[in-house]
Protein chains: 4
Amino acid sequence: MAPRTKESFEKIRTEKKALILDAALELFASEGYHVTSVSKIAQAAGISKGLIYNYFESKEEILETLVFTTMEELLDMIDPNKDGVMTDEEFVYMIDMNFKWLEANSDFLKLYFAMMLQPTVLKLVEVKLMELTIPVFKVISNYFDSKGCENPMIEARYLNSLLDGININYAIDPTSIPLDAMKQKVLQQYAPYYNSI
Amino acid sequence: MAPRTKESFEKIRTEKKALILDAALELFASEGYHVTSVSKIAQAAGISKGLIYNYFESKEEILETLVFTTMEELLDMIDPNKDGVMTDEEFVYMIDMNFKWLEANSDFLKLYFAMMLQPTVLKLVEVKLMELTIPVFKVISNYFDSKGCENPMIEARYLNSLLDGININYAIDPTSIPLDAMKQKVLQQYAPYYNSI
Amino acid sequence: MAPRTKESFEKIRTEKKALILDAALELFASEGYHVTSVSKIAQAAGISKGLIYNYFESKEEILETLVFTTMEELLDMIDPNKDGVMTDEEFVYMIDMNFKWLEANSDFLKLYFAMMLQPTVLKLVEVKLMELTIPVFKVISNYFDSKGCENPMIEARYLNSLLDGININYAIDPTSIPLDAMKQKVLQQYAPYYNSI
Amino acid sequence: MAPRTKESFEKIRTEKKALILDAALELFASEGYHVTSVSKIAQAAGISKGLIYNYFESKEEILETLVFTTMEELLDMIDPNKDGVMTDEEFVYMIDMNFKWLEANSDFLKLYFAMMLQPTVLKLVEVKLMELTIPVFKVISNYFDSKGCENPMIEARYLNSLLDGININYAIDPTSIPLDAMKQKVLQQYAPYYNSI
DNA sequence: GATGAATGAGTCTTCATTCAT
DNA sequence: CATGAATGAAGACTCATTCAT
């Protein structure tokens with residue numbers, strides 16, 4: 001019989017890789033990275049343990065792939081046109097997106113915060129995450145600056161903390177916190193800025 | 001490392017037990033619960049591995065003791081006289097204490113958030129923590145209610161999220177966030193309440 | 001690497017089979033049989049892993065084929081006309097050939113000695129090798145006997161050990177031992193025999 | 001009860017370590033390093049798998065310990081007073097010892113040659129072995145030099161090869177080669193040197 | 001109380017081999 | 001013929017826990 005085509009193999013790889021990543025994210029988020037064994041991931045993905053290593057070098061590579069892929073996707077949201085400048089619309093959009101994204105990706109957020117809290121475990125991941133985060137603060141801080149805010153970096157940190165706090169509480173227990181009400185309060189609190197004082 | 005001294009758990013009569021708890025907290029916070037082996041704790045505490053099991057049933061019991069002991073200490077801070085009522089002074093004191101405590105106990109906070117994020121791992125701990133937390137929200141919510149706030153529970157959640165966000169960012173990287181400036185901003189944001197609108 | 005070219009196993013009809021054997025020999029010799037994975041062989045041979053199993057039943061069969069093919073080739077050298085009798089010319093020729101062959105096949109020698117040293121691993125191979133070796137000793141021993149040597153079998157073992165010693169040292173590190181000088185010394189040591197005392 | 005004394009623990013460690021090394025040497029020699037699993041070593045030593053790691057960092061460390069310990073012991077034999085000079089008595093003694101040692105340590109020799117043949121596998125070990133070997137050649141070469149030998153290094157290599165050849169054949173199959181006869185032949189061959197030509 | 005040797009279940013990872021295409 | 005995805009058994013190593021002393 002004719003061997004499978006290159007594309008056929010490629011398709012299998014892409015699909016199976018996604019399968020593994022999905023299973024891994026759910027398990028990492030709910031049970032924790034260290035408690036999740038590769039066997040469990042394989043089982044959840046409905047494949048054999050060995051096959052995992054056909055797609056990833058190691059358990060850690062699964063984690064890295066998971067984190068970096070999602071982070072980049074996430075950063076696109078903050079500064080869509082990547083010009084380092086944030087308009088009023090983009091500011092409101094960012095807050096809006098934070099809440100939209102939160103609902104769809106609470107699994108990822110759990111994993112993200114868990115990782116940030118234990119840097120020793122995953123040094124490499126942490127460093128790269130820091131690098132990805134810095135420009136975000138820049139953009140937001142620039143925005144506050146342009147609005148005449150006295151201490152824009154502090155304001156950016158404050159907003160970031162507020163959102164992180166809401167996010168983490170939602171990640172911990174989605175039923176504990178009413179997202180819509182929270183969003184309204186955040187928008188209202190920052191209205192003076194985007195309504196151009 | 002946090003300025004928690006070797007006398008932290010002095011209320012725990014046995015000196016050895018305090019030694020173990022101190023060592024465990026530092027390691028759990030910096031490396032993570034699962035990555036920290038009992039041997040490492042013993043080594044850090046300057047005792048033998050076997051001795052740990054004279055004082056604790058298991059590694060998990062160390063964690064539980066750590067968490068519950070500290071949580072109770074913490075809750076005392078929120079509502080000192082346990083009357084379920086919060087005065088303006090107590091409200092400002094609570095915010096003040098949050099920051100004071102944060103500086104001294106970032107190790108514990110790391111551990112606390114890490115645990116809350118992965119409930120499956122430590123079901124028992126989580127349930128008890130929830131129980132401890134509920135009354136706090138009640139007290140704060142009551143306070144906002146007494147001030148004529150329309151949706152006091154939402155306001156309590158919002159404040160809690162804000163503080164959690166600051167706390168977690170500080171726990172992750174103490175250099176990234178200026179505590180004093182943050183405290184000023186929080187107090188200023190809630191001034192309308194405790195200055196009796 | 002040894003100067004064995006890709007055409008080494010040309011007597012093996014299938015070209016692919018020769019490709020596999022060449023790759024396997026080089027890898028087995030340099031890395032060791034157990035450390036060499038079938039994937040690595042396939043990669044070195046420029047074919048797919050699965051295809052190897054079209055030509056060989058197992059990894060072990062590759063090794064066996066490698067060894068037996070080469071050993072037979074080698075034995076032809078010792079007693080070319082297979083009459084069990086060795087002339088003075090054939091004796092000198094044998095020593096000469098040992099050195100010639102050594103230079104071209106140090107890869108094989110590494111593998112050969114490695115296998116002889118760990119009989120349990122490859123019982124089957126060992127037995128067959130022994131069978132192949134015995135007649136060689138006979139022929140050489142007969143030669144010494146015909147020269148009036150008192151203890152011809154001892155003499156044969158001695159010569160064999162000497163050559164093995166040179167061979168193995170060359171196989172281990174070709175730069176460590178000057179083959180020409182060694183050959184001269186061997187020939188000189190045995191000159192009394194072939195110069196008919 | 002009083003805890004065991006320091007000496008008591010020390011004794012246990014020494015004994016158990018020797019137990020493991022003995023079991024490992026026998027298995028490494030007969031089956032090969034890679035084929036010998038840590039479980040098998042533990043089983044042969046009559047202890048649990050895990051305990052092995054209480055005494056050695058890794059399987060490789062067992063091998064290294066085995067090799068270096070024995071090699072140093074061995075080198076003492078060559079140049080007992082470590083003055084780099086070899087007398088006639090020491091020369092004869094060295095040959096004598098080679099054969100004595102051979103009988104008692106054929107297991108080690110198997111392992112030694114097997115390792116030398118596959119340098120890639122155990123780079124570290126190989127390098128150190130080379131270092132240990134060089135001075136030996138120096139001493140022997142000096143000896144031949146002092147005897148007026150034209151090319152002492154060649155002579156040293158030749159003798160070394162001869163002994164290696166005998167050793168390896170004995171290691172492969174002790175019944176195949178009569179040690180006494182071999183020793184007599186070696187001594188006789190080199191008699192002109194130590195009988196002061 | 002105190003020590004650390006000892007256990008064994010569990011973890012990540014590798015690899016010979018099979019098989020659908 | 002050829003390919004490489006897929007499997008599963010096996011291997012090195014870790015670690016919570018037990019226990020003799």
Side-chain angles (χ1 to χ4, degrees), chain A residues 1-6 8-13 15-17 34-42 46-62, chain B residues 14 16 34-43 46-62, chain C residues 14 16 34-43 46-62, chain D residues 1-6 8-13 15-17 34-42 46-62:
Chain A
M1 257 166 285
R4 252 179 281 228
T5 64
K6 275 255 159 69
S8 171
F9 280 128
E10 196 55 48
K11 200 181 151 216
I12 291 176
R13 286 195 76 80
E15 283 171 6
K16 203 115 313 181
K17 220 164 168 171
H34 286 105
V35 175
T36 302
S37 68
V38 173
S39 302
K40 267 191 233 160
I41 299 175
I47 61 175
S48 76
K49 197 181 10 164
L51 190 55
I52 300 246
Y53 290 88
N54 199 328
Y55 293 95
F56 298 94
E57 295 267 319
S58 64
K59 188 179 160 186
E60 191 169 348
E61 208 202 54
I62 298 179
Chain B
T14 331
K16 284 280 160 63
H34 288 102
V35 174
T36 301
S37 68
V38 173
S39 298
K40 267 192 237 162
I41 299 174
Q43 208 177 344
I47 62 173
S48 77
K49 204 183 351 173
L51 192 53
I52 291 202
Y53 289 87
N54 272 10
Y55 296 97
F56 298 94
E57 291 271 317
S58 65
K59 187 180 162 187
E60 191 168 346
E61 209 202 55
I62 299 178
Chain C
T14 332
K16 283 281 160 63
H34 288 102
V35 174
T36 301
S37 68
V38 174
S39 299
K40 267 191 235 163
I41 299 174
Q43 206 177 344
I47 61 174
S48 78
K49 205 183 352 174
L51 191 53
I52 291 201
Y53 290 86
N54 273 9
Y55 295 98
F56 298 94
E57 291 272 317
S58 65
K59 186 179 162 187
E60 191 169 345
E61 208 203 55
I62 299 178
Chain D
M1 256 166 287
R4 251 178 282 229
T5 65
K6 274 254 160 71
S8 172
F9 281 129
E10 197 54 50
K11 198 181 155 214
I12 291 177
R13 286 195 76 82
E15 284 172 3
K16 203 112 318 178
K17 219 164 171 172
H34 287 105
V35 175
T36 302
S37 69
V38 173
S39 302
K40 268 190 233 160
I41 300 175
I47 59 176
S48 77
K49 195 183 11 164
L51 191 55
I52 300 246
Y53 290 89
N54 199 327
Y55 294 95
F56 297 93
E57 294 267 319
S58 64
K59 187 179 160 187
E60 192 169 346
E61 207 201 56
I62 299 179

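A, B, ... follow the sequence lines: proteins, then strands. Residue 1 opens every chain. All of these numbers come straight from a predicted model, not from anything done at the bench.
Each of B:Thr36 and D:Ser8 was assigned the nucleotide of DNA chain F with the nearest heavy atom; the assignment lying further toward the 5' end belongs to B:Thr36. Place B:Gly46 and A:Gly50 on DNA chain E by their nearest nucleotides, and B:Gly46 ends up nearer the 5' end. Positionally, the nearest nucleotide of DNA chain E for D:Glu10 lies more toward the 5' end than for the other of C:Ser39 and D:Glu10.
Remark: C:Lys40 NZ to C:Lys49 NZ distance equals 13.0 Å, nearest 0.5 Å. With rounding to the nearest 0.5 Å, the separation of CD1 in C:Ile41 from CZ in C:Phe56 is 9.0 Å. Atom-to-atom distance recorded for D:Lys16:NZ and D:Lys11:NZ is 11.0 Å, nearest 0.5 angstrom.
Among the heavy atoms of the strands, none lies under 4.0 Å from C:Phe56. The residue A:Ser48 sits close to a base: some heavy atom pair falls under 4.0 Å. Among the heavy atoms of the strands lying under 4.0 Å from A:Ile47 are primed sugar atoms or P, OP1, OP2 only; no base atom is included. Residue contacts shown for D:Ile12 are limited to sugar-phosphate atoms, with no base heavy atom under 4.0 Å away.
Contact annotation: C:Tyr53 side-chain N/O to E:dT17 OP1/OP2 distance is under 4.0 Å.
For C:Val38, the listed nucleotide lying nearest its side chain is E:dA16; candidates were E:dA16, E:dC12, E:dA6. Among the nucleotides F:dA12, E:dC12, E:dG1, the one closest to any side-chain atom of B:Leu51 is E:dG1. The listed nucleotides are F:dA5, E:dT17, E:dT11; the one nearest the side chain of A:Ser37 is E:dT11.
Nucleotide F:dA20 is matched to E:dT3 when pairs are restricted to Watson-Crick or G-U wobble geometry with both distances under 3.5 angstrom. Look at E:dC12: its Watson-Crick or wobble partner, with both distances under 3.5 angstrom, is F:dG11.
Summarising the local packing, CD of C:Glu61 is surrounded by more than 12 heavy atoms from other residues, nucleotides or ligands at distances under 6.0 Å.
Spacing between atom CD1 of A:Ile41 and atom C1' of E:dT11 amounts to 12 Å, rounded to whole angstrom units. A:Lys17 places its NZ atom 11 Å from the P atom of F:dA5, with the value rounded to the nearest Å. If you take NZ of A:Lys16 and C1' of F:dA6, they are 8 Å apart, rounded to a whole angstrom. As a whole-Å value, the separation of D:Lys11 NZ from E:dG4 C1' is 17 Å. Regarding B:Asn54, its CG atom lies at a distance of 12 Å from the C1' atom of F:dC19, rounded to whole Å. Atom pair D:Arg4:CZ and E:dT3:P shows a separation of 13 Å (rounding to whole Å applied). Following rounding to the nearest Å, C:His34 (NE2) and F:dA12 (P) show an atom-to-atom distance of 12 Å. In this structure, A:Lys40 places its NZ atom 14 Å from C1' of E:dC12, rounding to the nearest Å.
Counting distance only, with no hydrogens placed and no angle test, the side-chain atoms of A:Lys49 and the base atoms of F:dT7 include no donor-acceptor pair under 3.5 Å. For a distance-only test at 3.5 Å, the side chain of D:Arg13 fails to qualify as a donor-acceptor partner of the base of E:dA5.
The shortest heavy-atom contact between B:His34 and A:His34 is CB-CB, 3.8 Å. D:Lys59 approaches D:Thr36 most closely through the heavy-atom pair NZ-O, 2.8 Å.
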